[in-house]
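Quick caveat, the model's predicted, so the values are computed rather than measured.
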Amino acid sequence: MPSTKRWLERLQRDPVPWLLDPGNPSARLLTLRHIFRKPEIALLAEQDRLLAWAPIRELRSHWEGYHFWARRDNPYYGSALGNFGTLYLLTQLGAPPFPEVEAACENLLDRGRRSDGGFSPETLEHGPWLCYTGMALQILWHFGFGEDLRARSAWHALRQAIVLRPALLDCPIASGPCYDGLVKALLALLSIPADQRTADDAQAINILCERLTSAIYELLHIGSSWLQPTFPRYYQSDVVELCRALAQSSYRQHHRFHTLLDYMVDLQTVEGRWRKMQATPVLSEERIYHPSRWLTFEAVHTLILTYGDDIYAPSRSTPEIPTP
């Protein structure tokens, strides 16, 4: 489906200058990385500002040398507040690696991985557990552990489950498809740079995209939590995260994706911003029912991935980026 609109034409107003507010160094960093497409070497000062941000400093102050943020013997203990949840939070924020994170990643590989290669708490039955495995692989790739031999076994198990054993993709808890888990698994596979993906990666990505785009009306009915985006997330997903994932694949040209995209676009305010519609157990920097810089960044990035013509990218004549 050819693009007929520039991304700005889908917005009530351009929110990108608002995203650069230094009061949220995470949203600012993500905007500079993905919308302005600044090279990583140019973002080192921004990364330092993120690590110096009060919420990150507070997280680091709670780190303890033996148990990290919860319990060493169980990375999943404490849910969104534990070791696994904190690593996933930091991944979503775009935080760079630092010593506490590296120790917790090693612990996740040692204590959070099952014998079959997947990731999940010990109390859960065998199966791919797409939510936990997808989140774990996003964490590990982001912090530089994606090619560790222990992580490779998880990549292999995830690909095999998606491509060869699709019946395993149903969730015992959901008693059917777990679309949240499908999104987390898709984002994990999309974490691998395109030039490093195998044919199995590409096939698995297409299978997940097909399943997700075929479930539009099952997901996006009136009152659906998928139409109530939030940030940061844990194992739940929403239409903003879903669209951003699909926009990173060839399915951004599919007519069903554009139907999903219309649902996402309709959630913007008159100022071209997306509101946080659900409370989160961690990082309550943004108030519920108020505009979210993180969600707005994700939505704008989705539109740019879909339509191209990024006026802020290096190939264009761009305005000077304000410094904090």
Report the C-alpha distance between Y251 and H254 in whole Å, list the side-chain angles of each, state the deciding distance to 0.1 Å, and finish with yes or no for ring pair (Phe, Tyr, Trp, His ring centres under 6.0 Å). CA-CA 5 Å; Y251 268 67; H254 199 289; 5.4 Å; yes
Is the shortest heavy-atom distance from the side chain of K184 to the side chain of Q138 under 4.5 Å? yes
Would you mind reporting whether E58 and W53 have side-chain heavy atoms less than 4.5 Å apart? no
What's the separation between atom CG in N83 and atom CD in E100, rounded to the nearest 0.5 Å? 12.0 Å
Aromatic contact, F84 with F119 (centres under 6.0 Å): no
Is R111 salt-bridged to E122, going by a charged N under 4.0 Å from an acidic O? no
V265 reachable from V270 in the ILVMFWY side-chain graph, under 4.5 Å edges: no
Quick one: does NZ or CZ of R72 land under 6.0 Å from the six-membered ring centre of Y66, within 45 degrees of the ring axis? yes
Inter- and intrachain pairs under ring-ring contact (aromatic ring centres under 6.0 Å, His included), touching residues 269-305, at least two apart: H34-F297, H34-H301, F231-W294, F297-H301
Exercise: do S120 and R114 side chains pair donor with acceptor under 3.5 Å: yes
Would S250 and N206 count as a side chain to side chain contact (heavy atoms under 4.5 Å, CB included) if you check the C-alpha gap in whole Å, the side-chain angles of each, and the deciding distance to 0.1 Å? CA-CA 8 Å; S250 61; N206 284 337; 4.0 Å; yes
May I ask you to decide whether D238 forms a salt bridge with R233, counting only side-chain N to carboxylate O separations under 4.0 Å? yes
Which pair of heavy atoms, one from R150 and one from R113, lies closest together, and at what distance? O-CD, 3.3 Å
Residues R6, D309: salt bridge by 4.0 Å N-O rule: yes
Do E46 and K38 meet the salt-bridge criterion of a basic N to acidic O distance under 4.0 Å? no
Find the distance between CD1 (I56) and OG (S26) and round it off to the nearest 0.5 Å. 7.5 Å
I'd like to know if R256 and E210 make a salt bridge, using a cut-off of under 4.0 Å between side-chain N and carboxylate O. yes
My understanding is that only one of R273, K276, E271 makes a side chain to side chain contact (heavy atoms under 4.5 Å, CB included) with T296; could you say which? R273
For Y312 and D14, does a side-chain donor sit closer than 3.5 Å to a side-chain acceptor? yes
Going through the distances and angles, do L267 and Q228 end up as a side chain to side chain contact (heavy atoms under 4.5 Å, CB included)? CA-CA 9 Å; L267 294 178; Q228 301 171 32; over 6 Å; no
Where is the tightest heavy-atom contact between Q12 and G272, given as atom of each residue plus distance? CB-N, 3.9 Å
Quick one, I139 with F143, criterion side chain to side chain contact (heavy atoms under 4.5 Å, CB included). Give me CA distance, side-chain angles, the key distance, then yes/no. CA-CA 6 Å; I139 291 165; F143 288 118; 4.0 Å; yes
If you define the side chain from C-beta out and look only at heavy atoms, does anything of I192 sit under 4.5 Å from L137? no
Taking the side chain as every heavy atom from C-beta outward, state whether R10 and D262 have any pair of such atoms under 4.5 Å apart. yes
Taking atom CZ of F145 as the centre, report whether more than 12 heavy atoms of other residues, nucleotides or ligands fall under 6.0 Å from it. yes
Looking at F98, I want to see if its CZ is surrounded by more than 12 non-hydrogen atoms of other residues, nucleotides or ligands under 6.0 Å. yes
Could you walk me through whether R28 and L32 satisfy the side chain to side chain contact (heavy atoms under 4.5 Å, CB included) test, starting with their C-alpha distance in whole Å, then the side-chain angles of each, then the deciding distance to 0.1 Å, before giving a yes or no? CA-CA 6 Å; R28 177 183 167 90; L32 292 173; 4.1 Å; yes
